[in-house]
Amino acid sequence: MTFTKRAVAKMLGGAMLAAGLATAAAAQDKTKVGFVYVGPVGDGGWTYEHNKGRLAVEEHFGDAVETVFVESVAEGPDSERVMTQMALDGADLIFTTSFGYMDATNNVAAKFPDVKFEHATGYKRLHPNVSTYSARFYEGRAIQGHIAGKMTESNIIGYIASYPIPEVIRGINSAFIHAQKVNPDVEFKIVWAYTWFDPAKEADAAKVLIDQGADVILQHTDSTAPQAAAQEAGNVVTFGQASDMAQYAPFPRVSSIIDDWAPYYIDRVQAVMDGTWESMDTWDGIGPGMVGIGEISDAVPADVKAEALAMKASLADGSYHAFTGPLSKQDGAQFLAEGETADDGMLAGMNFYVEGIDAEIPQ
Amino acid sequence: MIAVVKRPEPSRAFAMAAPLLAVLATMFFGGVLFAFLGKDPLDAIATIFWEPLFGEFAFFYRPQLLIKGAPLVLIAIGLSLGFKAGIWNIGAEGQYIMGALFGAGVGLAFYPMESFVIFPLMVLAGAFGGWVWAMIPAVLKVNFGTNEILVSLMLVYVAEQFLASMSLGLLRNPEGMGFPGSRNLQQYTSAHNGDLVAGSGMHWGVVAAFIAVIFAYVLLARHRLGFAIRVTGDAPRAAAFSGVNPARLVLFCLGASGLLAGLAGMFEVSGPAGQVTIDFNVGYGFTAIIVAFLGRLHPVGILLAGGLMALTYIGGDIAQSQMGLPAAAIQVFQGMLLFFLLAFDLFSNYRLRFGRAEVA
Amino acid sequence: MDLSAINPILFIAGFFVAATPLIFAAIGELVVEKTGVLNLGVEGMMILGAICGFATAVETGSPALGFVAAAVGGAGLSLLFAFLTQVMLANQVASGLALTLFGLGFSALIGQSYVGVKPPRMGDIDFGPLAEIPVFGPILLTHDFMVYFGLALVIAVWATLKFTRLGLVLRAVGENHDAAHALGYKVIRIRIAAILFGGACAGLGGAYISLIRVPQWTEGMTAGIGWIALALVVFASWKPLRVLLGAYLFGGLVQLQLNLQGAGVAIPVEYLAMSPYVITIVVLVFLSRSKSAAPGSLSRIFHASS
């Protein structure tokens with residue numbers, strides 16, 4: 001082994017860290033679980049639901065766990081510092097709840113091999129102590145699309161999209177496929193807000209879509225602003241996003257997609273306690289309970305509600321896949337043959353619209 | 001009756017005491033705020049100020065102070081030159097972003113080639129990017145008299161949109177599964193702004209910050225341009241009489257602050273942050289304004305103030321994690337710090353006189 | 001791409017709602033700047049007004065009381081600024097920035113328990129059959145009280161500045177504070193009053209966003225609109241009626257961008273989003289080519305050397 005300056009520096013650095021770890025890793029009888037949030041706990045959407053998961057963990061395990069969290073952590077070096085800080089403070093398991101934390105999570109995981117890391121919505125697992133997890137939201141979109149297609153009277157459905165990434169495009173496609181199935185004349189108007197959460201922008205976007213004739217609004221942004229705008233307009237249907245948004249039920253909010261992280265979180269904490277934790281990639285949908293469908297309100301006609309619930313059941317038990325062929329891309333090229341279902345790889349990298357959507361994905 | 005009377009000469013004792021008094025006052029009132037929020041005030045203040053420096057994991061936190069403080073100091077030094085002369089560059093955030101975009105753009109253009117010239121080229125590009133962005137308000141001010149505060153500020157929003165556009169378009173990582181964000185420069189050795197001594201937090205940006213402090217000190221104390229800056233700020237009419245060219249000064253001050261802000265952005269994107277993302281900028285350009293004032297627009301003061309601000313950020317994170325203190329409380333704390341400084345600053349230029357007002 | 005999907009009447013009607021917060025904040029800041037004070041803390045005052053108004057409206061169930069509280073909150077914060085700059089003679093730029101930072105943090109702190117809560121609604125004023133008049137009706141007569149109050153406020157400020165003695169005094173203080181002092185006007189007191197007025201207006205503008213336009217509370221929800229209000233004052237050459245023009249232009253550009261997207265026009269979103277700011281810069285340049293209309297004493301510290 002050559003003792004280059006760099007190697008020596010690295011060893012010293014590593015030794016320093018190890019020394020620090022030794023002092024930190026006193027025998028712990030409580031399992032300590034840390035949560036890194038990208039937004040405020042009170043956002044009523046993404047972070048709010050993650051925090052609910054945390055609270056569920058606390059409730060389930062009682063005195064056997066201790067949870068800590070830091071909110072509104074910017075992606076980048078700040079997140080790396082917060083994660084390191086949690087690890088130094090003795091966390092056994094850390095959940096990092098934003099895509100942008102990906103490199104930071106892997107960097108910190110390299111330095112703390114005894115701490116387990118769970119990264120939400122990411123795809124890099126560079127070390128054996130990193131897992132990734134995400135939810136099959138597109139299953140929920142299928143149900144929404146079905147209800148939307150049936151309930152729209154103007155045949156114009158507005159979609160407030162966030163960023164042109166595969167997850168969002170997947171959702172648009174899934175909703176459109178199922179809306180068009182029950183209503184061939186349906187049209188999607190898509191507005192890109194370039195934010196996950198900005199009530200003012202979302203309100204503006206919703207109003208503009210309503211002004212342009214939409215009477216159903218779907219959103220991939222997390223605030224209740226579109227519901228408020230819909231309520232003001234009068235007869236516009238909306239769906240809750242990330243959390244139930246039940247304060248706008250039974251109308252305009254007729255249903256919702258709920259991020260329910262509790263079952264997964266409890267599972268993983270248990271695995272850490274049992275010593276059975278392993279690095280894996282989890283992509284769960286309605287079946288395992290990660291994607292919750294909010295109560296379908298009575299504003300939805302009974303037959304539509306029954307169909308939606310039936311679809312939910314078939315998605316849950318796996319007998320139906322939201323992306324089942326024959327399906328073609330916008331230019332007409334078929335990408336799924338009759339009866340063929342999309343595999344996870346195709347879903348994960350989806351960057352094209354399906355046939356029938358009359359818009360372009362911003363580049 | 002208490003009257004406020006101008007001192008014949010600014011009191012040096014007070015000029016140095018004011019920041020200290022401000023910190024003490026902030027600690028006190030901050031403590032009151034924390035108590036109000038149900039947290040033990042002494043514990044909170046200790047967590048924020050003492051823990052990162054001397055606590056159990058200080059060996060990790062002290063380098064973080066350098067990492068967090070370096071861009072603040074670098075930008076603030078540049079800003080202070082202008083502020084001293086009454087030239088208000090409020091758009092450092094935008095210049096920071098453009099420096100990062102130019103620097104990262106040059107680096108990524110060379111990918112995957114490895115060469116020792118790449119990093120210096122990135123540094124030049126980053127400096128250029130920030131400089132050119134600051135030149136816009138500078139040229140407009142010199143030629144049309146347009147207010148530089150508003151132009152530089154509007155350009156921040158424009159720069160943010162450029163950042164989003166680049167993250168999603170031109171600079172997007174082709175191997176990134178369609179997600180926004182560039183390649184991670186931390187994994188590209190020639191372009192990585194890594195620690196010069198592993199684990200110390202000392203990257204080229206930190207070095208640059210120290211150099212900037214020395215440079216600014218020498219400039220202000222010894223160089224004609226520094227004299228011009230100081231005179232323009234203290235006595236504009238005297239400056240005009242002594243032959244200071246206001247246009248040249250505007251171009252220099254805005255250009256220098258833009259260049260330094262651009263450098264800070266470039267060091268950050270190739271080092272601690274690693275990639276160009278939509279949310280790359282976290283407000284250093286604005287916080288640096290506070291650092292500049294906290295440091296009384298003096299290079300050494302800025303160095304200390306930058307350290308202090310970094311301390312409140314890092315200590316604040318620890319307090320959030322260990323004590324459940326809300327993030328907003330730290331922002332209030334920082335605002336209070338500036339308020340108190342500005343208030344105590346009064347006493348270095350004016351003094352109170354008790355008793356009857358004299359007849360002139 | 002279907003441009004016919006954009007309804008021009010609804011489009012223009014949408015301007016009013018988008019522009020109202022700007023109108024309030026800008027007209028308040030205009031009065032402040034007319035007396036020679038530059039208050040960069042508009043953003044902080046707006047967001048504090050937003051949470052004060054929101055919290056009060058939720059607790060009392062009355063949006064009207066919410067607006068009153070917002071004005072009080074904004075004025076209260078501006079009092080800090082007034083104290084720092086008029087009594088402690090601190091630098092105005094730094095004080096304004098400190099105000100913004102403090103306001104953002106403080107409002108986030110107060111607002112912690114109000115995130116996600118639904119506020120009581122303030123309805124639109126019912127003009128009855130008048131609202132049916134084609135074009136004119138839907139554009140002008142379908143809004144809530146605050147829109148009209150904002151317009152009335154602008155006209156009131158314009159009239160006061162132009163025709164009354166108070167207006168004359170305000171302008172005198174702003175043009176040359178030493179001369180005004182020599183004439184016996186209480187410069188400091190007038191400025192403090194103006195600062196409080198500006199704070200109250202900014203507070204109202206912020207509350208409009210949280211109570212009517214969105215309506216919701218989130219930290220940092222003003223998203224830089226205070227800075228745009230500052231630009232608007234310069235854009236308007238410190239003339240009240242031009243503030244209206246600028247505010248509609250800005251509101252319009254934001255609406256246009258969203259409408260174009262909805263209609264399927266494939267202009268890159270970021271460039272559209274940039275346009276209001278770029279246009280403001282262009283306008284600023286054109287305005288400054290003509291003689292500067294800024295008040296002579298703007299941002300200079302006044303201290304009566306007895």
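Using a 4.5 Å cut-off between heavy atoms, F333(B) makes no contact with chain C at all. In this structure, the portion of F293(B) lying under 4.5 Å from any heavy atom of chain C is its side chain and not its backbone. Contact annotation for L341(B): neither backbone nor side-chain heavy atoms come within less than 4.5 Å of a heavy atom of chain C. Contact annotation for L140(B): only side-chain heavy atoms (C-beta onward) come within less than 4.5 Å of a heavy atom of chain C.
With values rounded to the nearest 0.5 angstrom, L84(C) atom CG is found 5.5 Å from F339(B) atom CZ. Taking CH2 of W227(C) as the start and CD1 of I149(B) as the end, the distance is 9.0 Å to the nearest 0.5 Å. Taking CG of L150(B) as the start and CD1 of I228(C) as the end, the distance is 11.5 Å to the nearest 0.5 Å. Residue L337(B) holds its CG atom at 12.0 Å from CZ of F102(C), rounded to the nearest 0.5 Å. Expressed to the nearest 0.5 Å, how far CG of L155(B) lies from CD1 of I281(C) amounts to 3.5 Å. M154(B) contributes atom CE, which lies 12.5 Å from atom CD1 of I279(C) (distance to the nearest 0.5 angstrom).
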*Let me see the working for F286(C) and F144(B) under side-chain contact (heavy atoms from CB on, under 4.5 Å), right down to the final yes or no.*
CA-CA 8 Å; F286(C) 272 110; F144(B) 304 115; over 6 Å; no
*Test log, rule side-chain contact (heavy atoms from CB on, under 4.5 Å), inputs L97(C) and I290(B)*: CA-CA 8 Å; L97(C) 289 170; I290(B) 299 174; 5.6 Å; no
*Taking it one step at a time, do L109(C) and L33(B) satisfy side-chain contact (heavy atoms from CB on, under 4.5 Å)?*
CA-CA 10 Å; L109(C) 214 53; L33(B) 174 70; 3.8 Å; yes
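Nearest heavy-atom pair, F106(C) versus V332(B), reported as atom, atom and distance to 0.1 Å: N-CG2, 3.2 Å.
When each of V278(C), L101(C), L40(C) is scored by its heavy-atom pairs under 4.5 Å with chain B, the top score falls to L101(C). Ranked by heavy-atom pairs under 4.5 Å with chain B, the list A108(C), A98(C), G44(C) is led by A98(C). The candidate with the highest count of non-hydrogen atom pairs below 4.5 Å against chain C, out of L342(B), N143(B), L338(B), is L342(B).
By the neighbour-count criterion of 12 heavy atoms within 6.0 Å, atom CG of L183(C) is densely surrounded, having more than that number from other residues, nucleotides or ligands. Residue F34(B) qualifies as enclosed at atom CZ: its count of foreign heavy atoms under 6.0 Å is above 12.
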